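Data block below; observations after.
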Amino acid sequence: MRKKNLVGIIMGSSSDSRIMHGAAEILDSFKILHEDQIISAHRTPSRLDTYAKHAEESGFKVIIAGAGGAAHLPGMIASHTVIPVIGVPILVYNDKQTKKSDKSKFSAFGGLDSLLSISEMPTGSPVVSVGINKAANAAIYALKIIANDNPTIKRKLHKHKFDQHSSVIRESEELKKLGLSKFVKKKFK
Ligand code: RP5
C-alpha cells in the first residue's frame with residue numbers, strides 16, 4: 001500500500017523555497033512523507049479553501065506554512081481547517097530587482113512584518129509561529145505532534161535530542177582542550 005503524506009508544506013512564493021526546504025530536510029531525515037505546494041494567499045486566494053479541503057481529505061496531521069511580508073497564508077489556511085498550522089515567518093529576500101541603484105535585497109522590516117502577521121491571529125483562530133526563517137524548527141515541532149500517536153517517531157525524537165546533547169559535549173571538550181583562540185581558528189577557518 002502507498003504510504004500517506006502526513007505533513008503538508010506550503011509557501012506563498014517560489015522564492016520561499018530557499019528557506020522552506022529546511023523543513024523538508026528534517027522530515028526526510030525522519031522518513032516522514034510530505035506534500036509540498038505553493039499557495040499564495042494574495043495571488044491565488046481561491047486556492048485557500050480548496051487546499052484546506054484537500055489537506056483534510058488527505059489526512060494531514062500538520063500543515064507547515066511559510067510566508068514573508070504580509071504573511072497571511074498560515075492564518076488563512078488555519079481559518080479554513082482544524083488541522084494544526086505551524087507558521088514560518090520568512091525574511092523576504094528580493095533578488096529580482098532590475099535597477100542597480102536598488103541595493104536593498106531584504107525586507108524593510110527584517111522579517112518582523114511576517115512574524116507579527118502570523119502570530120497576531122484573532123482569538124478563536126490560532127496559528128503557532130516559529131522564529132524568522134526557522135523552517136527546520138517547524139518540522140521538529142510537527143514531528144512532536146505526530147509523535148503523540150507514533151511511538152517510532154517519538155523514539156527518533158529522543159535520539160535526536162541525545163545526539164544534540166552529545167554534539168555540544170564533544171565541542172565543549174574540544175574547546176577546553178584547544179583553548180578559545182585555537183578553537184575559533186579551527187572552526188571558522
Ligand atoms: C509573500 O511575498 C511570499 O510568501 C514571499 O515571501 C513574499 C515575496 O514573494 P515574491 O515577490 O518573491 O514572489 O507572499
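Because the structure is predicted, anything quoted here is derived from the model rather than measured. The figures that follow rest on heavy atoms only: side chains count, while hydrogens, waters and symmetry mates do not. Ligands are counted one by one from 1 in listed order, and the atoms in each one are counted from 1 as well.
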Would you say NZ of K156 has more than 12 non-hydrogen atoms from neighbouring residues, nucleotides or ligands within 6.0 angstrom? yes

Minimum-distance pair of heavy atoms, taken over all atoms of I118 and S129: CG2-CB, 3.8 Å

Distance under 4.0 Å to a non-hydrogen atom of A67: what atoms of ligand 1 satisfy this? 4 (O)

S40-ligand 1 polar pair, N/O distance under 3.5 Å: no

Is it the case that ligand 1 has an N or O less than 3.5 angstrom from some N or O of H42? no

H160 side chain to Q164 side chain, donor-acceptor N/O pair below 3.5 angstrom: no

Any H72 heavy atom less than 4.0 Å to ligand 1: no

Counting heavy atoms under 4.0 Å, the part of M11 that contacts ligand 1 is neither

Between S114 and A67 the two heavy atoms that sit nearest each other are CB-O, 3.6 Å

Between M20 and I9, what is the shortest heavy-atom contact and its length? CE-CG2, 3.9 Å

Below 3.5 angstrom, do we get any N/O pair linking G68 and ligand 1? yes

